[in-house]
There are 2 protein chains.
Amino acid sequence: MNHRLHDRSANSLPEACPGLRMTPQRQEVYRVLMNRRDHPTANEVHSRVKKRLPNISLATVYNCLETLVDHGLIRQVNFERESSRYCPNVKEHGHFHDAASGAIHDVEFKPGVNLADFLDLPPGAVIEDIEITLRGKLAAS
Amino acid sequence: MNHRLHDRSANSLPEACPGLRMTPQRQEVYRVLMNRRDHPTANEVHSRVKKRLPNISLATVYNCLETLVDHGLIRQVNFERESSRYCPNVKEHGHFHDAASGAIHDVEFKPGVNLADFLDLPPGAVIEDIEITLRGKLAAS
DNA sequence: TCCTAGATTGGAATTATTCTTGATATTGGA
DNA sequence: TCCAATATCAAGAATAATTCCAATCTAGGA
């Protein structure tokens with residue numbers, strides 16, 4: 001079975017991530033993100049994690065999130081100047097922010113598309129990271 | 001002559017923007033942005049503006065920038081959690097952040113492309129604002 | 001078991017930005 | 001022109017997210 005990162009199920013744990021000591025705090029932070037696959041802030045993660053680890057500090061949640069981001073297990077996303085949010089979907093994707101409901105939807109690239117197909121990149125640019133954020137409304141259809 | 005916003009020359013002033021009182025502070029903030037067409041932070045704008053208006057406060061620079069953004073004369077752009085930057089290019093575009101030099105390059109859409117051509121948008125989504133940020137390196141060619 | 005590196009904690013510190021308040025300036029109308 | 005209403009400005013205080021720091025704590029290897 002091929003364990004690509006974004007194929008982890010809600011209960012699988014990244015026990016096999018090299019160089020990462022899987023402490024209870026990190027496991028729980030990771031678990032709550034995989035459980036509800038949404039885009040919580042560090043504060044929201046803290047609230048959720050406290051259900052099982054009542055003594056965990058917000059600083060530790062920040063540390064855990066940073067570590068998980070550094071190891072590529074989750075992604076950090078920023079909307080405007082709001083608090084950072086954390087996203088369990090590590091596949092390359094963008095986000096649609098529904099102004100009415102506040103909901104955030106993942107937006108995938110259509111298969112086979114290439115950045116250079118639609119953007120005038122500076123000559124010689126080697127892209128390492130892409131962030132696409134859309135804001136708008138969902139028409140009540 | 002067709003004065004589209006993004007066609008203003010460095011010396012033209014937005015004296016004709018409806019509902020906007022063009023105070024010396026706002027004019028100067030606008031001018032320094034149009035002069036060097038880069039992506040300064042509020043602090044950098046403050047430094048530049050102080051050359052001509054030595055008594056202007058940082059709070060006023062923030063106020064002016066916000067007002068100009070609200071009136072669509074400039075754009076506010078955010079990279080990660082860094083300080084906001086302000087961009088005189090109001091045409092729809094993205095940004096390429098060169099990790100090596102720190103330079104920020106505007107990235108235009110190729111003519112005729114449509115968001116829905118390369119992104120799987122949620123059904124019924126009406127896009128009001130797009131933010132595209134690329135990070136990478138410029139290959140020394 | 002003991003040691004050590006790394007992890008956790010709580011609180012203090014930092015930093016960008018916003019808010020508050022009083023002073024000042026500008027506008028449109030009498 | 002003069003006044004009143006309104007908008008803007010300035011300075012510093014306040015806020016909020018995040019990071020830093022110093023003191024434990026813990027797990028895993030020798």
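Below, chain A is the first sequence line, B the second, and so on; all start at residue 1.
Leu20(B) places its CG atom 12 Å from the C1' atom of dT8(D), with the value rounded to the nearest Å. In this structure, Arg21(A) atom CZ and dA27(D) atom P are separated by 9 Å, rounded to whole Å. A straight line from CD of Glu44(B) to P of dT15(C) spans 16 Å, rounded to a whole angstrom. Note: CD (Glu28(A)) to P (dT8(C)) measures 13 Å, nearest angstrom. Here the C1' atom of nucleotide dA27(D) and the CD atom of Gln27(A) are 14 Å apart, to the nearest Å. In this structure, His46(A) places its NE2 atom 11 Å from C1' of dG10(C), rounding to the nearest Å. Rounded to an integer number of Å, the gap from CD of Glu80(A) to C1' of dA16(C) is 15 Å.
Scored by the side-chain hydrogen bond (donor to acceptor under 3.5 Å, both in side chains) test, Glu80(A) finds Arg135(A) as partners (sequence neighbours excluded). Listed by chain and residue number, nothing satisfies the side-chain hydrogen bond (donor to acceptor under 3.5 Å, both in side chains) test with Glu44(A) (two or more places apart in sequence, or in another chain). With sequence neighbours left out, Phe118(A) forms a ring pair (Phe, Tyr, Trp, His ring centres under 6.0 Å) with Phe118(B). With sequence neighbours left out, Arg52(B) forms a salt bridge (charged side-chain N to carboxylate O under 4.0 Å, His left out) with Glu28(B).
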Sugar-phosphate atoms are those with a prime plus P, OP1 and OP2; base atoms are the rest. Using that split, label each nucleotide of nucleotides 9-25 of chain D B, S or - for protein heavy atoms under 4.0 Å, 5' to 3'.
SBBB----SSBB-----
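By the criterion of side-chain heavy atoms lying less than 4.5 angstrom apart, applied directly or through intervening Ile, Leu, Val, Met, Phe, Trp or Tyr residues, Leu73(B) is grouped together with Leu65(B) in one hydrophobic cluster.
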List the atom pairs, with distances to 0.1 Å, where a side-chain N or O of residues 102-115 of chain A and a protein N or O form a donor-acceptor pair under 3.5 Å, not counting sequence neighbours.
{"residue": "Asp106(A)", "atom": "OD1", "partner": "His39(A)", "partner atom": "NE2", "Å": "2.8"}
{"residue": "Asp106(A)", "atom": "OD1", "partner": "His95(A)", "partner atom": "NE2", "Å": "3.3"}
{"residue": "Asp106(A)", "atom": "OD2", "partner": "Asn89(A)", "partner atom": "ND2", "Å": "2.9"}
{"residue": "Glu108(A)", "atom": "OE1", "partner": "Lys91(A)", "partner atom": "NZ", "Å": "3.2"}
{"residue": "Lys110(A)", "atom": "NZ", "partner": "Ala116(B)", "partner atom": "O", "Å": "3.2"}
{"residue": "Asn114(A)", "atom": "OD1", "partner": "Ala116(A)", "partner atom": "N", "Å": "3.2"}

